[in-house]
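Notes for the one structure printed next.
None of these values were measured; they are calculated from a predicted model.
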Amino acid sequence: MTARPDSDQDMPLVAHLTELRSRLLRSVAAVLLIFAALFYFAQDIYALVSAPLRAYLPEGATMIATGVASPFLAPFKLTLMVSLFLAMPVVLHQVWGFIAPGLYQHEKRIAVPLMASSVLLFYAGMAFAYFVVFPIMFGFFASVTPEGVAMMTDIGQYLDFVLTLFFAFGVAFEVPVATFLLIWVGIVDVASLRNSRPYVIVGCFVVGMLLTPPDVFSQTLLAVPMWLLFEIGVFFGARIRHREEPAASDGPSQP
């Protein structure tokens, strides 16, 4: 097996900590720079995120702010989270620059696509929540509002609600990466995962129940994509194992 770079082996602990600090500072600086650029548009960003709910509010109804500082804090918090999400490629690049010297060459070939796909899948999960789940969910909530009850949501509570869903769907869409890693590392094999498919489906619905509001629509909208993404992870995991097995059967290479 190819040895790790000598520069990584000989690097003292203090140098590692110094590099870690510099990369953390670069990550924080990237988030703050994006936040500074977006803060002027904080109100517009909140209006965009709240559009799926406002579309189903009764005519003449609006969202409300029950806290004194909520009109400022809610857009501020949202803009900060958006800045963090947008800076994620930079953050992951810094993570990659820190861990890459300690990886073998074949590990680097796998790690780069995995990190890129992780970012894209997280963004895809958020987009799925915004464009598919939110309209269905808020339409359902609006349709079951009791007569005589005005549907006016607090902007702070709404923000906490949608951020939770964004994070839940973003993490749920990482299932292919997690499945692929489990197969690639050898913790589980493809046959075991395929035989466990019924339990995985039940587990997806349990996770959907825990991470989404208590309604069957949002639960199903999270569980079904998780199951399909699991199948994608198994498919690509099986392909990488098939590629590695012939190489392993040839035995260790001679120095």
Side-chain angles (χ1 to χ4, degrees), residues 34 38 41-67 70-71 73-86 88 117-177 201-233:
I34 296 175
L38 294 180
F41 307 98
Q43 301 294 337
D44 298 326
I45 294 173
Y46 192 92
L48 178 64
V49 173
S50 63
L53 174 63
R54 291 186 291 106
Y56 292 97
L57 290 176
E59 186 177 355
T62 62
M63 300 181 71
I64 61 174
T66 57
S70 293
L73 290 180
F76 179 91
K77 179 180 178 181
L78 175 60
T79 306
L80 184 60
M81 295 303 299
V82 171
S83 303
L84 177 61
F85 291 148
L86 293 179
M88 197 56 62
S117 60
S118 296
V119 175
L120 293 177
L121 285 171
F122 191 86
Y123 289 158
M126 295 177 60
F128 181 81
Y130 182 83
F131 291 106
V132 178
V133 178
F134 287 0
I136 297 176
M137 185 189 310
F138 296 141
F140 170 76
F141 289 158
S143 65
V144 298
T145 302
E147 185 178 354
V149 176
M151 184 178 177
M152 294 187 294
T153 306
D154 176 67
I155 61 173
Q157 293 181 356
Y158 175 80
L159 178 60
D160 294 339
F161 179 81
V162 297
L163 287 180
T164 300
L165 287 182
F166 277 142
F167 182 77
F169 278 87
V171 171
F173 271 57
E174 300 294 330
V175 168
V177 175
I201 295 174
V202 174
C204 290
F205 277 91
V206 172
V207 172
M209 178 184 64
L210 295 175
L211 296 181
T212 60
D215 68 279
V216 68
F217 295 100
S218 54
Q219 177 184 353
T220 303
L221 287 172
L222 178 58
V224 172
M226 285 181 63
W227 169 55
L228 295 177
L229 292 168
F230 164 79
E231 299 292 345
I232 294 174

Side chain to side chain contact (heavy atoms under 4.5 Å, CB included) assessment of Leu48 paired with Asp44: CA-CA 6 Å; Leu48 178 64; Asp44 298 326; over 6 Å; no
Atom OG of Ser50 and atom CD1 of Ile45: how far apart are they, to the nearest 0.5 Å? 11.5 Å
Mind checking the CZ-CE spacing from Phe166 to Met81? Nearest 0.5 Å is all I need. 10.5 Å
Drop me the distance from Phe138's CZ to Thr153's OG1, to the nearest 0.5 angstrom. 8.0 Å
Pairwise side-chain contact, Pro225 with Phe128, heavy-atom cut-off 4.5 Å (strictly under): yes
Output yes when a side-chain donor or acceptor of Glu174 lies under 3.5 Å from a complementary backbone atom of Leu121, and no otherwise. no
Between Ala172 and Met226, what is the shortest heavy-atom contact and its length? CB-CG, 3.6 Å
What is the distance from atom CD1 of Ile201 to atom CZ of Phe205, rounded to the nearest 0.5 Å? 8.0 Å
Minimum heavy-atom separation for Tyr56 to Met151, with atom names? O-SD, 4.4 Å
If we only count heavy atoms from C-beta on, is the Gln157 to Thr66 side-chain gap below 4.5 Å? no
With rounding to the nearest 0.5 Å, note down the distance linking OG1 in Thr79 to CD1 in Ile34. 12.5 Å
For Leu159 and Ala74, the nearest pair of non-hydrogen atoms, with its separation, is CD2-O, 3.2 Å
Quick one: pull up CE in Met152 and CG in Leu53 and give me the separation to the nearest 0.5 Å. 12.0 Å
Write down the atom of Gly67, the atom of Asp154, and the distance for their closest heavy-atom approach. N-OD1, 4.4 Å
Kindly give the heavy-atom pair with the smallest separation between Tyr46 and Ile155, and that separation in Å. OH-O, 2.6 Å
Where Val49 and Tyr158 come nearest, the two heavy atoms and their spacing: O-OH, 2.7 Å
Could you label the plane-to-plane angle of the Tyr130 and Phe134 rings as parallel, tilted or perpendicular, counting under 30° as parallel and over 60° as perpendicular? perpendicular
Does the side chain of Phe167 come within less than 4.5 Å of Val171's, by heavy atoms? yes
